[in-house]
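Report on the structure given below.
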Amino acid sequence: MKGKRILVTAGPTCESIDPVRYITNHSSGKMGYALAKMACLRGADVTLVSGPVDLIPPIGAEFVPITTAREMFEAVTKISDKQDIIIKAAAVADYRPKHISDDKVKKADNELSIELERTDDILAYLGAHRKPGQFLCGFSMETRDMLGNSRAKLKKKNLDMIAANNLKVEGAGFQGDTNVLTLITQDEEVSLPLMSKEEAAAKILDKILSLIQKEKA
Ligand code: CTP
């Protein structure tokens, strides 16, 4: 992958409610960090844009830490034009609190509702604005109708490939060191067996490179 610029996003985003609390998800960042590491080992120029996680970025990768979906949008779109490959493994919040309270929200005896507004869909933006020849890979996490829902995202967000996983399958998902992925493109679906996230990252990179090669031929 020498000479190839690759941007990987990883981890969750955190959306503040007040100075004390935030909304987030269970993403560990392990899949994205494995992708960044494997791409570095293959000689690519790697940028890793990551939400807050408990992992050390791979040596050799340019590291851009962010917290919110808005910050990830800004960090990614600032450099997306220069990238040959973008892999969006991050679990970006789809909603954020509409108002962030300056002071700690105090409890009362009644119930509390928090009004949420949509965040930018970064991947959809990249799909709509990508430069010719750029390869775009998304991730899709589902709990049912994984193939149908993931195919719909592939089309809607104008992607070349989507790596889908079902949170309810043993060994797949957020926190563990393994994953069970299906790599979906317009023409095919490749089901990978249970493997480590690093092995899965290698398979994803192999598939991307072979698709780029095919496109060139
Ligand atoms: N994604 C993104 N920006 C968002 C939400 C998601 O870039 N605001 C990206 C993720 O990084 C991932 C892909 O979109 O690569 C799919 O994310 P997922 O949460 O599975 O799907 P959504 O499009 O958010 O749809 P839903 O949550 O309804 O399943």
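The first residue in the sequence is number 1, and the count goes up from there. Being a predicted model, the structure only gives us computed values, none of them experimental. One-based numbering, in listed order, for ligands and for the atoms of each.
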Rounded to the nearest 0.5 angstrom, the CD1-NZ distance for I122 and K88 is 4.0 Å
Counting heavy atoms only, name the option from [options] that's nearest to [atom].
atom: atom 11 (O) of ligand 1; options: A89, A69, G127, A90; answer: A90
atom: atom 21 (O) of ligand 1; options: K153, R70, R118; answer: K153
atom: atom 3 (N) of ligand 1; options: I122, T119, N25; answer: I122
atom: atom 27 (O) of ligand 1; options: L159, N165, D94; answer: D94

Check: Any protein heavy atom lying closer than 4.0 Å to atom 14 (O) of ligand 1?
Finding: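 Protein heavy atom within 4.0 Å of atom 14 (O) of ligand 1: present.
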Judged by atom type as modelled, is there a donor-acceptor pair below 3.5 Å linking the side chain of [X] to the main-chain atoms of [Y]?
X: E142; Y: A164; answer: no
X: T119; Y: D94; answer: yes
X: D160; Y: L136; answer: yes
X: S101; Y: K104; answer: no
X: D18; Y: V105; answer: yes

Relative to the heavy atoms of [X], which atoms of ligand 1 are at a distance of less than 4.0 Å?
X: S140; result: 20 (O)
X: L123; result: 2 (C), 7 (O), 9 (C), 13 (C), 14 (O), 15 (O)
X: M141; result: 20 (O)
X: A93; result: 8 (N)
X: G138; result: 15 (O)

- Message: Closer than 4.0 angstrom, basic N to acidic O: yes or no for R96 and E15?
- Response: no
SB check D206 K203 (cutoff 4.0 Å):
no
May I ask you to identify, for A91, whether its side chain, its backbone, both or neither come under 4.0 Å of ligand 1 on a heavy-atom basis?
->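 A91 to ligand 1: no contact under 4.0 Å from either part.
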- Look at ligand 1 and say whether D120 reaches it with a heavy atom at a distance under 4.0 Å.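 A heavy atom of D120 does come that close to ligand 1.
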Given the options N25, N149, N166, N165, M141 meets side-chain contact (heavy atoms from CB on, under 4.5 Å) only with N165
Has ligand 1 got any nitrogen or oxygen that is less than 3.5 angstrom from a nitrogen or oxygen of V92?
-> no
Looking only at N/O atoms, are T9 and ligand 1 under 3.5 Å apart anywhere?
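Not met; the criterion fails.
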E117 CD: over 12 foreign heavy atoms closer than 6.0 Å: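 Yes - once you tally the heavy atoms of other residues, nucleotides and ligands closer than 6.0 Å, there are more than 12.
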Closest to atom 16 (C) of ligand 1 among protein heavy atoms sits F139 O, 2.8 Å
